[in-house]
Amino acid sequence: MNDEKTTQHLEFSDNLLLSQLIGPGDANINQIENRFGVTIAARGNHLSISGIEADVGYAKNTLQYLYAHLSKEGNIDSEDLENAIRTVSNSLSLQPDVTNRVGSKISISTKRKMIFPRSKTQGDYLHAMQHKDMIFGIGPAGTGKTYLAVAVGVSMLIAGKIDKIILTRPAVEAGEKLGFLPGDMREKVDPYLRPLYDAMHDMLPAEQVERRLINGEIEVAPLAFMRGRTLSNAFVILDEAQNTTPVQMKMFLTRLGTNARMVITGDISQIDLPNGIESGLKQAMEFLKNIPEINFTVFDEKDIVRHPIVSKIVIAYDEQAKLNNARR
């Protein structure tokens, strides 16, 4: 590793965006300095970064990543800053393609915000959803599997490329059954589908979500409601797919119709099916892995974009699971 000291310079064309990049009281560049052990100095529309060559490279890429984000979103917050640092830190090279990955080719525009990948895997996932008809997003909670799928679906609906978005989940949560829950059918299924509603409201104004739900452009329903249908001209998302049985998964996958796209998301470490019942997601991963028209994008803890502690929690549980398996 090269421990020689170096200085690199960055020039920014928009002084207003640069001011936001630096942050109030230099807060943003101070955090980048502390994280990578570098010194950042601002003069006019230039930033100079000094330190060990590798660390300077990471700090430079972080600043470029954040500036590209600012150019599209107009602001950054502490979460954006942390995500940029994590994305660059997890890159395998000194020149990760982070600026291109927030470019127009893979950024997603919805009514409420511009959404872009925050890791290489997220970028690959977005690319797959734009070019494949069936996509599996597999990995731990917090990696953006469902959120990004909803974003792509909304963008296609707004652009008129599809007629409707269908969001579905198996109604299996820690062994509970719908029939034992109080209320009518919508009240029964809403708790299971709430994360999908939340993502949708992040993409569209509330009144548009409600209007599109009423006119059928957005459909949110339990997986059982898909039986017997052919899903055409639609963007279909099956969430929590690890809780499907093999029969349910086959039923769902064979609903694919013309001009339709299916995204199947799940976390095989969070299976809530009763003991002895195989996960339809795990079976599909094995049975379908050699079909070139189907994309499998696998996330890991490095792709988690929630609070930084979530990644550490996932790692801790995974390590304990490995120890338990080793003892058996």
Side-chain angles (χ1 to χ4, degrees), residues 5-127 130 143-144 147-148 151 155 202-203 302-308 311:
K5 295 292 184 71
T6 187
T7 297
Q8 293 193 34
H9 302 275
L10 287 172
E11 181 178 351
F12 300 94
S13 58
D14 190 319
N15 287 332
L16 178 59
L17 291 183
L18 176 57
S19 176
Q20 292 177 269
L21 177 65
I22 292 171
D26 297 345
N28 293 339
I29 59 173
N30 286 344
Q31 186 167 338
I32 295 171
E33 285 178 323
N34 292 336
R35 186 62 64 92
F36 295 114
V38 299
T39 301
I40 302 174
R43 176 173 295 179
N45 65 335
H46 290 76
L47 292 179
S48 61
I49 313 158
S50 301
I52 294 173
E53 184 176 358
D55 297 329
V56 168
Y58 284 121
K60 178 180 178 180
N61 285 326
T62 301
L63 290 163
Q64 290 174 320
Y65 186 112
L66 287 167
Y67 187 80
H69 174 71
L70 271 167
S71 299
K72 289 190 171 295
E73 290 288 298
N75 62 80
I76 55 174
D77 56 25
S78 57
E79 182 181 353
D80 296 322
L81 180 57
E82 184 61 39
N83 284 331
I85 291 172
R86 185 188 303 113
T87 298
V88 173
S89 297
N90 290 336
S91 173
L92 295 178
S93 71
L94 281 180
Q95 298 295 331
D97 190 20
V98 290
T99 52
N100 287 339
R101 290 194 175 277
V102 298
S104 59
K105 289 186 179 179
I106 56 173
S107 60
I108 301 299
S109 178
T110 68
K111 290 289 187 183
R112 298 193 68 175
K113 64 195 309 183
M114 181 73 73
I115 295 161
F116 59 89
R118 292 178 171 177
S119 72
K120 180 183 182 301
T121 309
Q122 284 195 353
D124 295 341
Y125 185 51
L126 279 179
H127 184 269
Q130 292 172 336
T143 50
Y147 190 85
L148 290 174
S155 69
D202 212 21
M203 317 289 173
K302 295 190 297 294
D303 300 301
I304 292 174
V305 294
R306 292 180 185 168
H307 193 287
S311 180

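Note that the structure is a prediction, hence the values are computed from the model and not measured. If you read the sequence from its start, that first residue is 1, and numbering goes on from there.
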Between D80 (side chain) and H69 (backbone), is there a donor-acceptor pair under 3.5 Å?
-> no
Does any N or O in the side chain of E11 come within less than 3.5 Å of the main-chain N or O of H46, such that one atom is a donor and the other an acceptor?
-> no
[X] [atom1] to [Y] [atom2] distance, which is reported to the nearest 0.5 Å:
X: S19; Y: N45; atom1: OG; atom2: CG; answer: 12.5 Å
X: I85; Y: N34; atom1: CD1; atom2: CG; answer: 9.0 Å
X: L66; Y: L17; atom1: CG; atom2: CG; answer: 11.5 Å
X: L81; Y: I29; atom1: CG; atom2: CD1; answer: 11.0 Å
X: Q8; Y: S48; atom1: CD; atom2: OG; answer: 11.0 Å
X: T39; Y: K5; atom1: OG1; atom2: NZ; answer: 8.0 Å

For [X] against [Y], the heavy-atom pair lying closest together:
X: A42; Y: I22; value: CB-CD1, 3.9 Å
X: L18; Y: G44; value: CD2-O, 3.5 Å
X: G23; Y: N28; value: CA-ND2, 3.5 Å

Relative to the ring of Y58, is the ring of F36 parallel (under 30°), tilted (30 to 60°) or perpendicular (over 60°)?
-> parallel
Criterion side-chain contact (heavy atoms from CB on, under 4.5 Å) against Y67, the qualifying member of L10, L21, L47 = L21
side-chain contact (heavy atoms from CB on, under 4.5 Å), paired with T6, selected from V56, D55, I49 = V56
Would you check if T143 and Y125 make a side-chain contact, meaning some heavy-atom pair closer than 4.5 Å?
-> no
